[in-house]
Amino acid sequence: MEKITVNGGRPLMGHISVSGSKNAALPILFASLAARGVSKIKRVPDITDTRVALKLISELGASVLRDGDTVYVDSRRLFFNTPSPLLVSKIRASTYLMGAMLSAFGRCPLMDFGGCNFAARPTDLHLYAFMRLGAEIKDDMIILNNPHPAEICFKKASVGATANALILASGIDGKSVIRGHASEPHITALVDFLRSMGAEITMNEDSLTVIGKELHGGTAEVIGDMIEAGSYLGLGLVTGGQVSVSGCPTEQLSAFCDFLSSVGASVSIESDKISCRLEGEGKFASVTAAPYPAFPTDLQPIAATVLAAASGGIIYDEVFADRFGYLNELSGFGLKSEVHHGYSEIFPSELYPGDAKAPDLRGGMACLICALGARGESRIYSPELLLRGYEDLEKKLRCIGANIKFG
Ligand code: UD1
């Protein structure tokens, strides 16, 4: 697919039920390699990232079967293999191959991981956790020569490193303790899956305690995607319409809803349904992206479009200080901003149609939101980046009244 052509400027109205969360499904799919058995994972979104993840785990001998939104992974006949560099380079979540392969084979090659290129994305914390659990690096390989439980103290909360530490520690006999961990809902979802595989895990605010065991196949139902939900709420607001979302626990979107209220939007939450609308000009607001339960960095590009449609504001990002490259693309739609190290200023902007290249997954969604908010014809190139994370994007957008053509 070459581009998405958008005829924007009409208020989008309606309801979207979100899919299973990309960032929750991915570590669970890779963690299934740590079992000797069959895992059953429901509500797996059918998006490029999960397709690549399933190909990567098949390359290691797992039999994978998708039946609707349920995926079965049989990890009883795994064999060591070097994962295809091309597949590894496509998704950030291929970092989970490290924890999964160390657990399954006791070794894993060092690889060049891919994914959104919005900031430097080091792996030192992942490697630190593996070293603590008895691994060492020899030539181009991480080798788990001396697996043992350990205390792991992260100096920074990292979703990926926490997930990898959990995956590896769950299969090592004995009690490991992880401190300074990330607490995103997808970490809780991974903990639930590892528990279903036989690990005993206790979650406290300041630590995760893991009693590792020989793991059997597990079961999971992937939680709803809070980033997808926030993206569609922002989209409705920017187009001057009103979109409601359901399918993900509303408390996960508390920080995002607080942000919407702070710009002057009226936000309504009824059981698992959230909707929002901006009447009038809104208010100048500021928001800081930081580890959960604070405002999620993945919704920071969406926040920029909301601020531009309201009265402007400031975005700070404490997770990825320079995650503002996407603003360059948004300027092609008239979104005015000034970027600094660690924060950016967003000015109230009259959007106009334009052409843009999706810079990354969430930056691409911000481009699409601007295009749908601007009256006239716009084009978004490299739409495959968007399809990495938004299931049934075309269908969902059409059902809220978007005039778009994929192709
Ligand atoms: C995951 C999500 C991504 C989200 C991010 C933060 C997936 C596939 N991706 O990415 O969508 O934007 O969480 O919520 O779930 N860091 C280090 N050393 C490391 C690892 C991370 O310094 O070894 C730093 C990063 O540079 C960043 C911070 O830790 O400043 C958080 O990154 P992390 O939570 O690891 O992000 P990912 O797991 O890559």
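The chain is numbered in sequence order, starting from 1. Just so you know, ligand 1 is whichever comes first in the structure, and atom 1 is the first atom listed for that ligand. The analysis underlying the following values was restricted to heavy atoms, covering all of them including side chains, and did not include hydrogens, waters or symmetry mates.
- Residues forming a salt bridge (Lys or Arg N to Asp or Glu O under 4.0 Å) with R121 (at least two apart in sequence, or on another chain): none.
- Salt bridge annotation for D124-K156: absent, with no cationic side-chain nitrogen under 4.0 angstrom from a carboxylate oxygen.
- There is a side-chain donor-acceptor pair under 3.5 Å between D317 and T297.
- Applying the ring pair (Phe, Tyr, Trp, His ring centres under 6.0 Å) test to every pair with at least one member in residues 188-238, sequence neighbours left out, gives no pairs at all.
- Partners of R379 according to the salt bridge (Lys or Arg N to Asp or Glu O under 4.0 Å) rule, which considers only residues two or more places apart in sequence or in another chain, are D355, E377.
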For ligand 1, run through the N/O pairs with the protein that fall under 3.5 Å and put one pair on each line.
residue  : atom   : partner : partner atom : Å
ligand 1 : 10 (O) : R121    : NH2          : 3.0
ligand 1 : 11 (O) : N23     : ND2          : 3.1
ligand 1 : 11 (O) : D298    : OD1          : 3.4
ligand 1 : 11 (O) : D298    : OD2          : 2.7
ligand 1 : 12 (O) : D298    : OD1          : 2.5
ligand 1 : 12 (O) : R323    : NH1          : 3.4
ligand 1 : 15 (O) : N23     : OD1          : 3.3
ligand 1 : 18 (N) : D124    : OD1          : 2.7
ligand 1 : 23 (O) : P122    : O            : 3.2
ligand 1 : 23 (O) : D124    : N            : 3.1
ligand 1 : 23 (O) : D124    : OD1          : 3.2
ligand 1 : 23 (O) : L125    : N            : 2.7
ligand 1 : 30 (O) : K156    : NZ           : 2.9
ligand 1 : 30 (O) : V319    : O            : 2.5
ligand 1 : 34 (O) : V159    : N            : 2.7
ligand 1 : 35 (O) : S158    : OG           : 2.6
ligand 1 : 38 (O) : G160    : N            : 2.8
ligand 1 : 39 (O) : R121    : NH2          : 3.1

**Report entry** Check against salt bridge (Lys or Arg N to Asp or Glu O under 4.0 Å), E200 and K213
**Finding:** CA-CA 8 Å; E200 285 174 35; K213 300 267 164 74; 2.6 Å; yes
